[in-house]
Amino acid sequence: MKSGNSKLRKALIILGALICIVNSVVSGTIVMRLDAIKIGSFAIPSSSVNGTIQGFSFMICILMVLADYSFGYIAALICIGFSLFGTTRSIFITHALTPLPGVINGVLYVLALSFIAYQLRLSKKAELTDKLTGRINRYGFEEIIHKKIRSFEKGSIVFLHLQGLTDININFGRSNGDIVLKTISSRITNIVSGIGEAYKLEGSEFAIFLKDGNDCEDVVKCIISSVEEKVELETNDNIANVYITCKAGIADCINRYVNPDTLMKNADIAMNHALRSDDIKYCFFNERIKKGAERERDVEGYVKEALEHDYFFLVYQPQFSIKDKKLRGFEALIRMRLPDGSFISPAEFIAVAERTDLIFRIDSFVLRRAMEEFKEVIDKYSEDIVLSINVSAKDIALEGFAEKLFDIIEQTGFPKNRLEIEITEYSFAKSTDTARDNICKLRDNDIQIAIDDFGTGYTSLAQLLNLPVNLLKIDKTLIDNICTNEANSDFVNAVIYMGHLMNCEVISEGVEDENQLSLLKQLGCDFVQGYVWSKPLDYTSAVELCRESINE
Ligand code: C2E
Ligand code: MG
Ligand code: MG
């Protein structure tokens, strides 16, 4: 589209130049052949006609320069040069100085056009430059990449995303944030000097074009470690060391048939992939991550559709006491059925929902739906079963989460001492003060708390002892090898022992066979949840199970 525009502009400039040249020829001929042009009883001196034609040509020249201060300016100079040549020539041919004012006008036009072109060049440069770092900005970068690809230049583009700048702005002020950005910009520029160019995109992003023939991976590693070195800031009376972290996405422009927009999109996809991962610092674009990003976009669309059109429903997996298979309660698990009858696994769409913040709407849906469905069951069949509901770490860390939950409890009339909220161990380990406040508010209101996927999330012992928790849920990955791997069974044994020391009950998740079951019984585990005794059930079957368990 952009190159289509510039072709049209060039065609118009060439047309303008042709008109100017024809004007010069016509006006030159008039001056040479006629003294005056007669219209009825009026006679207009030919020099006046010539002046008017020159003025018209000059106006066209200005438009040409405004259309393109480089190509249009050269075309305008050629036109004026042509006209000056004709006018000067006529002085010599006629041996009269009548055309002299035209020559002086021509020179003044050249000066005026040069001034306009210079000003336009300056303002374009300012438009394409990042004021803070002095580097070319995103618009300039895009133009340059278009040019490089058109001129067969091979190389790689690297997008760099800096993290931590917002915290520095908050803690040390924006002017210190600017200093950090400038320092990092010059570090990057020094590294790529001679082997590429650095550009400053929006916010805290930089781009680099690395010429072909360099070890891209080495350069990127070097840039990342240099960016992540400390930056010293002078505060009121001392020096503060601040740190920025950096992730990179890399895409190669290998041939001139690649579309520049696609190339930049690929670098963005690679950078996003690195940003989403906890342990990847940089990522090269490849088809696999592109497909992953496309799938993620599709799944995000399905989640939105599902929330809008009620494609979500809940199943309930029973939890039993290991001693006597007495029903403890159910874990509510979300399912998504698309209109074509296909299912998408929660393991996939919950991860996407977490990244896109759709998880807040999902959690609210599950909390409300599960409590609405189970309120009646608890009233009718069993007053002491527990309804366990998964809540995302993001939700629990939100100011007002506890109040939102209390509202739902009130609206549904669900007995709050029968509600258990499951939070993964991973999110517990990373929990913020707000998350802890929310958890404490829930505990103060008799709501039970379970740590889900226990054994996978690196909670420290100190954290564990301070947690207001009722139930530890040992993760399925630990249960899987419990009968074949002694270290695993020792670990599970230790978790059960520790759980009891903390006054918690312990449940094992994903128990699939009788051998696992009897070993867990020996180790003193309190409850089980797993295919060995029941898969997740639809609502009607879950109600039926409650009815049976009360009749036993
Ligand atoms: P989770 O909370 O740890 O849930 C347990 C998962 O293990 C469930 O998978 C359950 O179906 C599965 N499972 C239980 N017993 C067995 C077994 O014996 N063998 C095998 N192979 N699997 C077993 P599901 O339903 O696919 O859920 C996966 C994860 O998705 C859940 O892990 C939870 O993290 C998330 N999730 C599910 N429902 C919700 C929800 O309503 N809200 C939120 N925030 N997350 C949910
Ligand atoms: Mg769970
Ligand atoms: Mg789990």
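Whatever order the structure lists ligands and atoms in, that order sets their numbers, starting from 1. Below, each value reflects all heavy atoms present in this structure, side chains not excepted, and no hydrogens, waters or symmetry copies.
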At less than 3.5 Å, what protein N or O atoms come close to the N or O atoms of ligand 1? Include the distances to 0.1 Å.
from	atom 1	to	atom 2	distance (Å)
ligand 1	2 (O)	Glu331	OE2	3.0
ligand 1	2 (O)	Asn390	OD1	3.0
ligand 1	2 (O)	Asp452	OD2	2.9
ligand 1	3 (O)	Asp453	OD1	3.1
ligand 1	3 (O)	Glu509	OE2	3.1
ligand 1	15 (N)	Gln317	NE2	3.1
ligand 1	18 (O)	Tyr531	N	2.8
ligand 1	19 (N)	Glu512	OE2	2.6
ligand 1	21 (N)	Glu512	OE2	3.0
ligand 1	22 (N)	Tyr531	OH	3.4
ligand 1	25 (O)	Arg335	NH1	2.9
ligand 1	25 (O)	Arg335	NH2	3.0
ligand 1	38 (N)	Ile334	N	3.2
ligand 1	44 (N)	Asp363	OD1	3.1

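Within the coordination shell of the Mg ion (ligand 2), defined by N, O or S atoms under 2.8 Å, Ser388 is absent.
Atom OE1 is the N/O/S atom of Glu509 found closest to the Mg ion (ligand 3). Summary: OD2 is the N/O/S atom of Asp452 found nearest to the Mg ion (ligand 2). Note on Asp453: its N/O/S atom closest to the Mg ion (ligand 3) is OD1.
Under 4.0 Å is where a charged nitrogen must lie from a carboxylate oxygen, and between Lys404 and Asp395 at least one such pair does. The pair Lys304-Glu300 meets the salt-bridge criterion, with a side-chain N (NZ, NE, NH1 or NH2) lying under 4.0 Å from an Asp/Glu carboxylate O. Salt-bridge formation is not detected for the pair Lys416/Glu410: no Lys NZ or Arg NE/NH1/NH2 atom is positioned less than 4.0 Å from an Asp or Glu carboxylate oxygen. Salt-bridge check for Asp453 with Lys473: failed, with every basic side-chain N at 4.0 Å or more from each acidic carboxylate O.
Relative ring orientation between Phe330 and Tyr316 is described as perpendicular, the plane-to-plane angle rising above 60° on a 0-90° scale split at 30° and 60°. Phe312 and Phe365 have tilted rings, their planes meeting at an angle from 30° to 60° on a 0 to 90° scale.
Note: angle at the Mg ion (ligand 2), from OE1 of Glu422 to OE2 of Glu331, is 90° (rounded to 10 degrees).
Side-chain contact, Asp475 with Thr456: no donor N or O sits under 3.5 Å from an acceptor N or O.
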Criterion side chain to side chain contact (heavy atoms under 4.5 Å, CB included) on Phe414 and Ile408, from CA distance to verdict: CA-CA 8 Å; Phe414 192 84; Ile408 301 177; over 6 Å; no

